[in-house]
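The next block holds one structure in the form of structure tokens; read it before the comments.
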Protein chains: 2
Amino acid sequence: MNIGEASNATGVSAKMIRYYESIGLIRAPLRTGSNYRVYGEDEVHVLRFVKRARTLGFSVEETATLLGLWQDKTRASAEVKEVATSHIEALETKIAELQGMVKTLKHLAHCCGGDNRPDCPILDDLAGEHPTTKGH
Amino acid sequence: MNIGEASNATGVSAKMIRYYESIGLIRAPLRTGSNYRVYGEDEVHVLRFVKRARTLGFSVEETATLLGLWQDKTRASAEVKEVATSHIEALETKIAELQGMVKTLKHLAHCCGGDNRPDCPILDDLAGEHPTTKGH
DNA sequence: CCTTGACCTTCCCATCATTGGAACCTTTAT
DNA sequence: ATAAAGGTTCCAATGATGGGAAGGTCAAGG
């Protein structure tokens, strides 16, 4: 299997496969006589693991940790749970931040007539003037 | 007011002030004889506007649009509302994605004993094997 | 046999927003 | 006079990915 087929089989672009190899996330595969990378079932499995972890929002570094734990036969599941749990916390913090932004923006947009008058509470808020958002 | 004072007054780092100037987000200020940037009330006001917009998650490009609308006396508040509303939508999409990740991860962590057995449903899921998550 | 097109290789550049640092100059305070 | 603190420019790095150029390789069809 060459890199294009491995890419199709895993959903990881050929570019990214080479990149993951270059940063040491995955091991360099064998090469053909004409220097093409050759992938087998094991490599595809690893790539799918990486793809899934990235889809779940793990950073490449976290993915490397999880991959190490996955391939370590003596690993403790507690360690994995810890990585996952701290990732959940980070995600929830991010979500709360985004929700705060949305709340503020919705409030501003609600106060904004959306008509053609030049008064605009959104711009006023951004500018640090709060006359129109008081008492709401 | 030099760049350090402007930075303290606005919470925008001196580095970023120079950067915003270099990309044309803000105008180049006057200079002293010794080539120091000089900032006045207007410039500080602009920087605060930028800071607030960035804090609310607007990209630098969106911030530039908002800044333009703010400084345009003939602007329509409808335009501003449109920028804000589409930004809200983008944020909500992002939130939904993150919530999906959290849900999956919580499910996996819940199924994970967190003890020292090498079996780990989280890793099994990442690897694409779903025997332990079935029927839950 | 030769061409064409699809695929592979490496290498460099761009993105987005921000930070860090080097090398050097200016101002202020001791 | 000197040292500290601040300014200036320029270059590089981050994280993850995409784009593309220049060139080698393979398969199918004429």
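In what follows, chains are A, B, ... by sequence order, proteins preceding strands, each numbered from 1.
Relative to the axis of its first five pairs, the axis of the last five pairs of the helix from C/dC1-D/dG30 to C/dT30-D/dA1 sits at 30°, rounded to 10 degrees.
A salt bridge links B/E21 with B/R37; the closest basic N to acidic carboxylate O contact falls under 4.0 Å.
Placement of A/Y20 and A/Y36 in two distinct hydrophobic clusters is found when ILVMFWY residues are connected by side-chain heavy-atom separations under 4.5 Å, directly or transitively. One hydrophobic cluster holds both A/I23 and A/V12 under the rule that ILVMFWY side chains link at heavy-atom gaps under 4.5 Å.
First and last contacts of DNA chain D with chain B, using any nucleotide atom under 4.0 Å from a protein heavy atom and ordered 5' to 3', fall at D/dG6 to D/dC10.
The nearest whole Å value for the distance from the NZ atom in B/K15 to the P atom in C/dA22 is 11 Å. The OH atom of A/Y19 sits 15 Å away from the C1' atom of C/dC13 (whole-angstrom rounding). The separation between B/R31 atom CZ and C/dT26 atom P is 14 Å, rounded to whole Å. As rounded to whole Å, 14 Å separates atom C1' of C/dT18 from atom CD1 of B/I17. The nearest whole Å value for the distance from the CZ atom in A/R37 to the C1' atom in C/dC7 is 13 Å.
The side chain of B/Y36 sits closest to C/dT26 out of C/dC12, C/dT26, C/dT9. In this structure, the nucleotide among C/dT9, C/dT26, C/dT18 sitting nearest to the side chain of B/M16 is C/dT18. Which of C/dC7, C/dT18, C/dG21 sits closest to the side chain of B/R54 comes down to C/dT18.
Comparing A/Y39 and B/S34 by the nucleotide of DNA chain C whose heavy atom lies nearest to each, the residue mapping closer to the 5' end is A/Y39. Each of A/F58 and B/N2 has a nearest nucleotide on DNA chain D; the 5'-most of these lies closest to B/N2.
Expressed to the nearest 0.5 Å, how far CG of B/L47 lies from OH of B/Y39 amounts to 7.0 Å. Summarising the geometry, atom CZ belonging to A/R52 is positioned 12.0 Å from atom OG1 belonging to A/T63; distances are rounded to the nearest 0.5 Å. From B/N8, atom CG reaches atom CD1 of B/I3 across 11.5 Å, with rounding to the nearest 0.5 Å.
Residue contacts for B/T32: at a heavy-atom cut-off of 4.0 Å it reaches no nucleic acid atom on any strand shown.
Between A/W70 and A/H45, the two ring planes are perpendicular [angle over 60°; tilted spans 30° to 60°].
Paired with A/T85 under the rule side chain to side chain contact (heavy atoms under 4.5 Å, CB included), one option of A/E82, A/H87, A/E89 passes, and it is A/E89.
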Hey, mind stepping through B/E92 and A/K106 against salt bridge (Lys or Arg N to Asp or Glu O under 4.0 Å) and telling me if it holds? CA-CA 11 Å; B/E92 287 186 330; A/K106 277 194 170 171; 2.9 Å; yes
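For the pair B/Y20 and C/dT18, the criterion of a side-chain N or O lying under 4.0 Å from OP1 or OP2 is met.
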